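One structure is given here, and the rest of the page talks about it.
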Amino acid sequence: MQQDTQTMRNNDGLFAVGSPVTHWSVQTSNPVQYEIRACENLLDPGNSTILEDASGSSGQRRLIVTDGVVDSLYGDRVRAYFDHHGVEHRVLVLNDGETHKSMDAVLQVTEALDAFGIDRRREPVIAIGGGVLMDIVGFAASLYRRSTPFIRIPTTLIGLVDAGVGAKTGVNHNGHKNRLGTYFPADRTLLDRSFLATLDARHISNGLAEILKIALIKDARLFDLLEQHGADLLRNKLQSPAAVGPTPADAPVDQRLAARGLHLDPATEVVERAIQGMLEELQPNLWEKVLERVVDYGHTFSPTIEMHALPALLHGEAVAVDMALTTVLAERRGLVSSYQRDRVLDVMARLGLPVWHPLCTPEVLGDALRDTVRHRDGKQRLPLPVGIGSALFVNDVTEGELAAAAESLAALGSGVSR
Ligand SMILES: NC(=O)c1ccc[n+]([C@@H]2O[C@H](COP(=O)([O-])OP(=O)(O)OC[C@H]3O[C@@H](n4cnc5c(N)ncnc54)[C@H](O)[C@@H]3O)[C@@H](O)[C@H]2O)c1
Ligand SMILES: O=C(CO)[C@@H](O)[C@H](O)[C@H](O)[C@H](O)COP(=O)(O)O
Ligand SMILES: [Co+2]
């Protein structure tokens, strides 16, 4: 193969230069498509959705991974489902909760994949649980044989609107939040809101924090829905009226319209807008090449606060404290009016969320900001709300400004009751 020194051999993205060749350049893309589908009664044996892969065929073997709480609530129905469909299966039950979101859990999953002898392409792993469970299983699936497909069935609100719709997987490591992880979306995410019926109020609030995040940075209508219906959503665990039996004739008009499919009931509209808003931000920048990400809102200080407080603060609760602090900071910069600030803090309280935490000290906030700057390639890229429903990015927040905002929030927070 004699070539002159300048010949570039272009073979669909492979470039070789020189003779003898001294320099090759490989360029390719990795198209990704994944589905998120709203479903009902997923565990009903007559519903074959779980077993349909993207091509619609059914598989014969599955490894299911869940956690102890979910297994105690749904494990019998899960096993009966796969028995009914004649699918050989094994259920791996992990410990639940943030303190078990670790590499040890990931290795438990990979060892179970080995023991089960999973077929890497035809037998997707099935994750049934909340955000912690799905992050662990997703990370394990991304590592096993360099990628093994998985399916997510979220059973918490955070899982339904956030952890189950993105591409991120990962675990906490060395005391840091999500320090190890990959970008590896599930082939399919199947959303069944009825799982929330067994979720306690604190975890419903936890998920409402991530919905409030989307509202504050890009969806004023969503904020209005949370302000108007938040307490009811918390009380009825975001179950739609149709799910709780026939609509009485004297029910409010929007419930009667919703029952006839003519109007989205608040729970459905809130969940749908939260997912839509998240996906609008994720799809164009799924691998986070651009680090100005409005969905980072509430995630500048919260990773450090959450890990310092572990297990006292849930993820969404730490996000809420972060959003309360940055709302106060935005008001002090004139980006948000004091009336809007008070509306936001009031809605947080109504949703059962904290607005302040003793860890909001200058030292912790300073450490958190420095770590986030490292996470965001040397700049703060801190999203701040502009009014309610939009945001801008700043890179000039000082520790003095943070301390003043935290002090102001502590005073405001003491007046806002959960
Ligand atoms: N990957 C992402 O893009 C992404 C996005 C947001 C949050 N997260 C992660 O998600 C985690 C928080 O999610 P989470 O709050 O769902 O965590 P989780 O998985 O710990 O679930 C919360 C608790 O609820 C229990 N539970 C789950 N489903 C239940 C049900 N239907 N009924 C009763 N109890 C149930 C669990 O056993 C657990 O004790 C954090 O680690 C966060 O970092 C990831
Ligand atoms: O918590 C998460 C993702 O873990 C989401 O709610 C959040 O909007 C964003 O993805 C943030 O970027 C935080 O993600 P990261 O710190 O885990 O990278
Ligand atoms: Co989050």
Side-chain angles (χ1 to χ4, degrees), residues 33-67 69-93 116 118-119 121-131 133-134 137-138 141 148-161 163-165 185-199 207 236-247 258-261 264-265 267-272 274-276 279:
Q33 181 192 346
Y34 63 98
E35 306 295 328
I36 299 155
R37 194 191 306 182
C39 312
E40 289 184 352
N41 307 316
L42 271 178
L43 296 180
D44 179 337
N47 183 341
S48 61
T49 305
I50 294 175
L51 288 168
E52 289 163 6
D53 64 23
S55 60
S57 63
S58 290
Q60 294 313 312
R61 300 175 76 248
R62 289 293 186 275
L63 178 73
I64 300 110
V65 185
T66 188
D67 71 33
V69 172
V70 176
D71 193 45
S72 67
L73 292 164
Y74 300 99
D76 292 346
R77 291 175 61 193
V78 168
R79 291 170 178 82
Y81 179 90
F82 289 97
D83 284 340
H84 172 84
H85 287 274
V87 173
E88 181 198 345
H89 61 278
R90 184 182 165 213
V91 181
L92 171 66
V93 182
F116 188 64
I118 201 97
D119 180 300
R121 291 276 181 262
R122 291 178 301 136
E123 298 169 346
V125 188
I126 299 179
I128 306 180
L133 189 280
M134 292 189 297
V137 178
T148 292
F150 76 118
I151 291 171
R152 292 181 289 211
I153 300 179
T155 59
T156 64
L157 183 55
I158 274 197
L160 280 162
V161 301
V165 301
D187 278 15
R188 293 191 294 148
T189 297
L190 305 174
L191 306 178
D192 183 344
R193 221 183 321 148
S194 68
F195 283 111
L196 301 185
T198 54
L199 196 61
N236 74 24
K237 300 180 188 287
L238 287 100
Q239 302 300 293
S240 294
V244 292
T247 308
R260 290 163 44 204
L264 285 183
D265 66 281
T268 303
E269 187 175 358
V270 161
V271 169
E272 196 172 293
I275 294 170
Q276 178 71 20
L279 290 174

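Just so it is clear, the model here is predicted, and its values are computed rather than measured. Keep in mind that the numbers below use all heavy atoms, side chains included, and drop hydrogens, waters and symmetry copies.
- Checked against side chain to side chain donor-acceptor pair (under 3.5 Å), Ser72 has no partners two or more places apart in sequence or in another chain.
- In this structure, Glu40 has no side chain to side chain donor-acceptor pair (under 3.5 Å) partners at least two apart in sequence or on a different chain.
- With sequence neighbours excluded, no residue forms a ring-ring contact (aromatic ring centres under 6.0 Å, His included) with Phe116.
- Inspection of the Thr66 and Tyr74 side chains reveals no N or O donor paired with an N or O acceptor under 3.5 Å.
- Counting all heavy atoms, side chain and backbone alike, Leu190 lies closest to Ile50 at CD1-CA, 3.9 Å.
- Taking the side chain as every heavy atom from C-beta outward, Val161 and Val270 never approach each other to under 4.5 Å.
- Here the side chains of Arg77 and Pro45 are not in contact, with every heavy-atom distance at 4.5 Å or above.
- The salt bridge (Lys or Arg N to Asp or Glu O under 4.0 Å) analysis of residues 78-87, with sequence neighbours excluded, yields the pairs Asp71-Arg79.
- In this structure a side-chain-to-backbone donor-acceptor pair under 3.5 Å is missing from Glu35 to Ala186.
- Glu123 pairs by the salt bridge (charged side-chain N to carboxylate O under 4.0 Å, His left out) definition with Arg61, not counting sequence neighbours.
- Contact check for Leu51 versus Tyr81: side-chain heavy atoms found under the 4.5 Å cut-off.
- Applying the ring-ring contact (aromatic ring centres under 6.0 Å, His included) criterion to Phe82, with sequence neighbours excluded, gives His89.
- Annotation: side chain of Val65 is not in contact with side chain of Ile128 (no heavy-atom distance under 4.5 Å).
- With values rounded to the nearest 0.5 angstrom, Gln60 atom CD is found 12.0 Å from Asp119 atom CG.
- Closest non-hydrogen pair, Arg193 versus Ser240, comes out as NH1-OG, 2.8 Å.
- Here Arg90 pairs with nothing under the side chain to side chain donor-acceptor pair (under 3.5 Å) rule; sequence neighbours left out.
- The backbone N or O of Ser48 sits nowhere less than 3.5 Å from a side-chain atom of His85 that would complete a donor-acceptor pair.
- Pairing each heavy atom of Leu238 with each of Asn236, the nearest pair is N-OD1, 2.8 Å.
- The line from CG of Asp44 to OG of Ser194 is 10.5 Å long, rounded to the nearest 0.5 Å.
- Side-chain contact between Leu279 and Ile36 is present, with at least one heavy-atom pair separated by less than 4.5 Å.
- Judged as a side chain to side chain donor-acceptor pair (under 3.5 Å), and not counting sequence neighbours, the contacts of Gln276 are Glu280.
- For the atom pair CD (Glu88) and CZ (Arg62), the distance works out to 11.5 Å, reported to the nearest 0.5 Å.
- Closest heavy-atom contact between Leu63 and Ile118: CB-CD1, 4.0 Å.
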Donor-acceptor contacts under 3.5 Å from residues 148-159 side chains, at least two apart:
| residue | atom | partner | partner atom | Å |
| --- | --- | --- | --- | --- |
| Thr148 | OG1 | Tyr144 | O | 3.0 |
| Arg152 | NE | Gly164 | O | 3.2 |
| Arg152 | NE | Thr189 | OG1 | 2.9 |
| Arg152 | NH1 | Ala163 | O | 3.4 |
| Arg152 | NH1 | Gly166 | O | 3.1 |
| Arg152 | NH2 | Gly164 | O | 3.0 |
| Arg152 | NH2 | Gly166 | O | 2.9 |
| Arg152 | NH2 | Thr189 | OG1 | 3.3 |
| Thr155 | OG1 | Gly129 | O | 3.3 |
| Thr156 | OG1 | Gly159 | N | 3.0 |

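- Judged by distance alone, the side chain of Lys237 and the main-chain N or O of Thr198 form no donor-acceptor pair under 3.5 Å.
- Partners of Val69 under the side-chain contact (heavy atoms from CB on, under 4.5 Å) rule, at least two apart in sequence or in another chain, are Asp67, Leu73, Asp96.
- Leu133 places none of its side-chain heavy atoms less than 4.5 Å from the side chain of Val70.
- Scored by the salt bridge (charged side-chain N to carboxylate O under 4.0 Å, His left out) test, Asp76 finds no partners at all (sequence neighbours excluded).
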